[in-house]
Amino acid sequence: PSSPATLDLRTVEGDVGLRVVGIESDKWNGKNIGELWFADTISSLLYFSCTSPTNALVIPSALTSIGAYFKNANYTGDLVIPPQITSIGGYAFENGKYTSLDLSQATGLVTLEAQPFKNFKITNAIVIPPNVEELGIGALSFSGALVDGVAVMPLRGDLKLPGSLKKIGSSALNNGYYTSI
């Protein structure tokens, strides 16, 4: 398909109110889409990657696990992970252009796999949610950003690890500036 101005999946409905959406990678991967919207009833995305949605990403309320769906996307604004998300797969949001990452609402989050936020250049502080059991390889390792020419890392200050944490992968907390652990 050509590059449409808007791809609106908000009207996708399934027989039982939930829907699996699989979009073949060779059909949309790399397409320059102006706006991309998802239906709240979408419970599973098999694959999706496109380069240029300019609206804020609203994660469907029926979705509980995030794979590599939003890789290389240019969504604007904050990336807010909602409470129903239990796992974020490896490289899920790699190369994202978000301005900040908010995990404060991700109360159901248990697993962050390998480098889900690879190459993020955000500056806001990150708080690890209280139920996280596993931080995969490079799970919260960020590239950082420059503010007035000075590197600012999102992992800074007091590092508080949740009591639920069972596994920390190599480099999971790289590039942080911690005053205490």
Side-chain angles (χ1 to χ4, degrees), residues 18 36 38 40 42-49 53 55-181:
L18 300 178
L36 173 62
F38 291 97
D40 277 344
I42 292 176
S43 60
S44 178
L45 292 170
L46 299 178
Y47 182 89
F48 192 85
S49 180
N55 56 301
L57 171 62
V58 177
I59 296 172
S61 60
L63 197 64
T64 58
S65 179
I66 297 175
Y69 316 136
F70 305 109
K71 186 175 180 177
N72 299 318
N74 290 324
Y75 286 100
T76 59
D78 302 335
L79 173 57
V80 179
I81 305 298
Q84 81 275 7
I85 300 298
T86 58
S87 67
I88 299 176
Y91 308 97
F93 296 98
E94 179 180 9
N95 300 320
K97 305 294 189 248
Y98 307 95
T99 53
S100 70
L101 172 63
D102 183 352
L103 296 176
S104 67
Q105 298 176 35
T107 54
L109 189 61
V110 174
T111 304
L112 282 169
E113 293 183 15
Q115 299 182 334
F117 311 111
K118 184 177 180 182
N119 297 326
F120 265 40
K121 294 183 179 357
I122 58 173
T123 59
N124 68 295
I126 303 297
V127 175
I128 300 171
N131 296 317
V132 171
E133 295 180 5
E134 180 179 344
L135 295 174
I137 297 169
L140 292 173
S141 179
F142 296 88
S143 300
L146 294 177
V147 174
D148 295 327
V150 178
V152 178
M153 301 309 231
L155 298 172
R156 57 184 180 266
D158 296 334
L159 176 61
K160 296 177 183 172
L161 300 174
S164 57
L165 197 59
K166 297 177 181 175
K167 180 180 178 184
I168 301 175
S170 65
S171 305
L173 301 166
N174 260 16
N175 300 326
Y177 293 100
Y178 310 114
T179 53
S180 70
I181 297 178

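All heavy atoms count here, side chains included; hydrogens, waters and symmetry mates do not.
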Problem set entry | Ile122 side chain near Leu79 side chain, heavy-atom distance below 4.5 Å | no
Exercise. Say you draw a straight line from CD1 of Ile85 to OG of Ser65; how long is it, rounded to the nearest 0.5 Å?
Worked result: 7.0 Å
Exercise. Mind checking what makes side chain to side chain donor-acceptor pair (under 3.5 Å) contact with Thr111, not counting sequence neighbours?
Worked result: none
Listed pairs under 3.5 Å, donor-acceptor, residues 102-109 side chains, sequence neighbours left out:
{"residue": "Asp102", "atom": "OD1", "partner": "Ser104", "partner atom": "N", "Å": "2.8"}
{"residue": "Asp102", "atom": "OD1", "partner": "Ser104", "partner atom": "OG", "Å": "2.5"}

For this session: Please work out which of the three classes, parallel, tilted or perpendicular, describes the rings of Phe117 and Phe93, given edges at 30° and 60°.
Result: parallel
Seminar exercise, completed: Those residues at least two apart in sequence (or on a different chain) that pass side chain to side chain contact (heavy atoms under 4.5 Å, CB included) with Ser164 are Glu133, Pro162
Exercise. Counting distance only, does the side-chain N/O of Gln84 pair as donor-acceptor with the main-chain N or O of Pro60 below 3.5 Å?
Worked result: yes
Problem set entry | OG-CG distance between Ser180 and Leu159, expressed to the nearest 0.5 angstrom | 8.0 Å
Exercise. Roughly how far, to the nearest 0.5 Å, is the CD1 atom of Ile88 from the CD1 atom of Ile59?
Worked result: 7.0 Å
Exercise. Heavy-atom distance under 4.5 Å between the side chains of Leu140 and Val132, does that happen here?
Worked result: no
Exercise. Donor-acceptor pair, Asp158 side chain versus Thr179 backbone, under 3.5 Å?
Worked result: no
For this session: Could you walk me through whether Leu173 and Ile181 pass the side-chain contact (heavy atoms from CB on, under 4.5 Å) test, one step at a time?
Result: CA-CA 12 Å; Leu173 301 166; Ile181 297 178; over 6 Å; no
Exercise. Mind checking what makes side chain to side chain contact (heavy atoms under 4.5 Å, CB included) contact with Glu94, not counting sequence neighbours?
Worked result: Lys71, Tyr91, Lys118, Asn119
Exercise. At their closest point, which heavy atom of Pro116 faces which heavy atom of Gly89, and how far apart are they?
Worked result: CB-O, 3.5 Å
Exercise. With sequence neighbours left out, what residues match Ser170 under side chain to side chain donor-acceptor pair (under 3.5 Å)?
Worked result: none
Problem set entry | Partner set under side chain to side chain donor-acceptor pair (under 3.5 Å) for Thr99, not counting sequence neighbours | Asp78
For this session: With rounding to the nearest 0.5 Å, note down the distance linking CG in Leu135 to CG in Leu165.
Result: 5.0 Å
For this session: Ignoring hydrogens and angles, state whether a donor on the side chain of Thr64 or Thr86 is under 3.5 Å from an acceptor on the partner side chain.
Result: no
